[in-house]
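For this chain, numbers begin at 1 and follow the sequence in order.
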Amino acid sequence: MQLQAFLITFREVLEALLIVGIITTYLKRTDNKKFVKYVWLGAGMAVLASFLVALLFQVVFTGFTAMGSEMYLKIGIIFVSAVLLTQMVFWMAEHSKNIKANVEGKMSHYITTGNVIGMVVHSFLVVLREGVETVFFFAAITGGNIGAAFQGWGAVSGLLVASVVAYMFFKGTMRVSLKTFFKVTGVFIVMIAAGLLVQGVSMLQDIKLLGSVMPHVYDITWFLPEHPIDYAHYLRDNGVAPLLSGDIGIFLKAFLGYSSMPSIEEVIVYLGYFVVIYMLVTGKKPPVEEKNTQVNRSVS
């Protein structure tokens, strides 16, 4: 869970800091430094609003728990989070190249029209979006206990690393393009999304909402149990300890959706997800012949 919390916090905080940094840098460069305080005002309000959203979410989740329906809420959060994570990766990969020009264009409009409220609202919405997404994703990886994501090293270190990376980027010491940077981190986010989908399917089968034509495609508990409890049970039942620790299994389960005894449906969903991602990625690239045709037409 901590690695998931680190990657999610790092990604979300970095996106927010980069956009706010682009805004403030543009304002300073165009001799409009007096507006910077309004941008940070909007960002600060968004951080506070994100904490309020987290509290509200926890209250709602507690209500579902009291009604005995928390499992359905958890499953819904998991599937929605997997979709949002995937969408987030593709959106940033597509827009990161032009994000600077788009943000500066909006700021130029606000400056020209003297729209201070627009600056506050824009920075508020930018940061709030990342904050709400973080709350939602934390709920998915912790089973609804958002506070648990803040109790380890993951969230705090993600915040610190994102701050350092953003600082290096705006100071000119980081020479990696945003598009490349977000593509690399996007790979890990996609892995988390795939793991969430598998966990969602597993939970549906646990509560009997989804059956299985093959409950166990294979069983490699002897090699790597997916939880310390499975490790203890295997040792008790067979008198021999598995080769690897259940702590490794629980880490891989949280990060990659690992299962030592997956159903055929879990395998299909996991592999199918990556097939869909591959098709979406390759489908956006125009064929080489089409590129060459366009080049030849432009030359002629």
Side-chain angles (χ1 to χ4, degrees), residues 1-12 58 61 65 70-82 85-86 134-159 161 185 187-207 210 212 215-271 273-274:
M1 182 189 74
Q2 293 306 321
L3 182 57
Q4 289 174 304
F6 169 79
L7 288 171
I8 290 171
T9 307
F10 170 70
R11 177 78 182 224
E12 298 291 341
Q58 206 66 64
F61 185 83
T65 302
E70 75 275 11
M71 184 61 72
Y72 299 101
L73 182 59
K74 287 180 181 179
I75 294 172
I77 291 171
I78 283 176
F79 282 121
V80 172
S81 295
L85 282 169
T86 306
T134 302
V135 170
F136 210 84
F137 298 150
F138 277 5
I141 67 176
T142 61
N145 186 10
I146 300 173
F150 292 99
Q151 294 174 2
W153 57 268
V156 175
S157 57
L159 172 63
V161 173
T185 57
V187 171
F188 295 102
I189 297 296
V190 164
M191 290 181 180
I192 292 177
L196 287 175
L197 283 176
V198 172
Q199 290 183 49
V201 171
S202 177
M203 292 170 71
L204 285 174
Q205 292 178 329
D206 288 341
I207 62 176
L210 179 66
S212 177
H216 303 305
V217 177
Y218 54 80
D219 184 355
I220 55 173
T221 305
W222 60 271
F223 174 69
L224 178 59
E226 62 185 71
H227 196 278
I229 294 177
D230 298 318
Y231 182 97
H233 287 174
Y234 187 89
L235 177 61
R236 179 197 63 193
D237 297 338
N238 297 276
V240 179
L243 293 179
L244 298 177
S245 168
D247 293 324
I248 299 176
I250 198 172
F251 166 78
L252 293 177
K253 183 178 181 64
F255 185 43
L256 301 174
Y258 169 75
S259 175
S260 58
M261 295 185 294
S263 66
I264 185 64
E265 291 78 17
E266 290 178 76
V267 174
I268 291 174
V269 168
Y270 191 77
L271 296 179
Y273 174 79
F274 285 110

When you measure from the side chain of E226 to the backbone N and O of S260, does any donor-acceptor pair fall under 3.5 Å?
yes

Examine distances only and state if a side-chain atom of H216 and a backbone atom of Y218 form a donor-acceptor pair shorter than 3.5 Å.
no

Among all residues two or more places apart in sequence or in another chain, which pass the side-chain contact (heavy atoms from CB on, under 4.5 Å) test with S212?
Q205, P215, S263, I264, E265

Determine whether F6 and V156 satisfy the following criterion, side-chain contact (heavy atoms from CB on, under 4.5 Å), listing intermediate values before the conclusion.
CA-CA 8 Å; F6 169 79; V156 175; over 6 Å; no

So which atom in I189 and which in L7 form the shortest heavy-atom distance, rounded to 0.1 Å?
CD1-O, 4.1 Å

Which atom of T9 lies closest to which atom of G158, heavy atoms considered
CG2-C, 4.0 Å

With side-chain contact (heavy atoms from CB on, under 4.5 Å) as the criterion, how do I75 and I207 come out once you've worked through the C-alpha distance, each side chain's angles and the decisive distance to 0.1 Å?
CA-CA 11 Å; I75 294 172; I207 62 176; 3.6 Å; yes

Take a 6.0 Å sphere around CZ of F136 and say whether it holds more than 12 heavy atoms from other residues, nucleotides or ligands.
yes

Could you give the distance from [atom1] ([X]) to [atom2] ([Y]), rounded to the nearest 0.5 Å?
X    : Y    : atom1 : atom2 : answer
M203 : D206 : CE    : CG    : 8.0 Å
L204 : Y72  : CG    : OH    : 10.0 Å
I78  : L197 : CD1   : CG    : 9.5 Å
I192 : Q199 : CD1   : CD    : 10.5 Å

[Y] side chain reached by [X] side chain, heavy atoms, under 4.5 Å:
X    : Y    : result
W222 : I220 : yes
H227 : K253 : no
F79  : L196 : no
L224 : L252 : yes

How are the rings of F274 and Y270 set to each other: parallel, tilted or perpendicular (split at 30° and 60°)?
perpendicular

What donor-acceptor contacts under 3.5 angstrom involve side-chain atoms of residues 232-246, with partners at least two apart or in another chain?
{"from": "N238", "atom 1": "ND2", "to": "Y234", "atom 2": "O", "distance (Å)": "3.0"}
{"from": "S245", "atom 1": "OG", "to": "D247", "atom 2": "N", "distance (Å)": "3.0"}

What's the verdict on side-chain contact (heavy atoms from CB on, under 4.5 Å) for E12 and F137, showing C-alpha distance, side-chain angles and the deciding distance?
CA-CA 10 Å; E12 298 291 341; F137 298 150; 3.3 Å; yes

Checking side-chain polar atoms at under 3.5 Å, does T86 have a donor or acceptor matched by the opposite partner on Y273?
yes

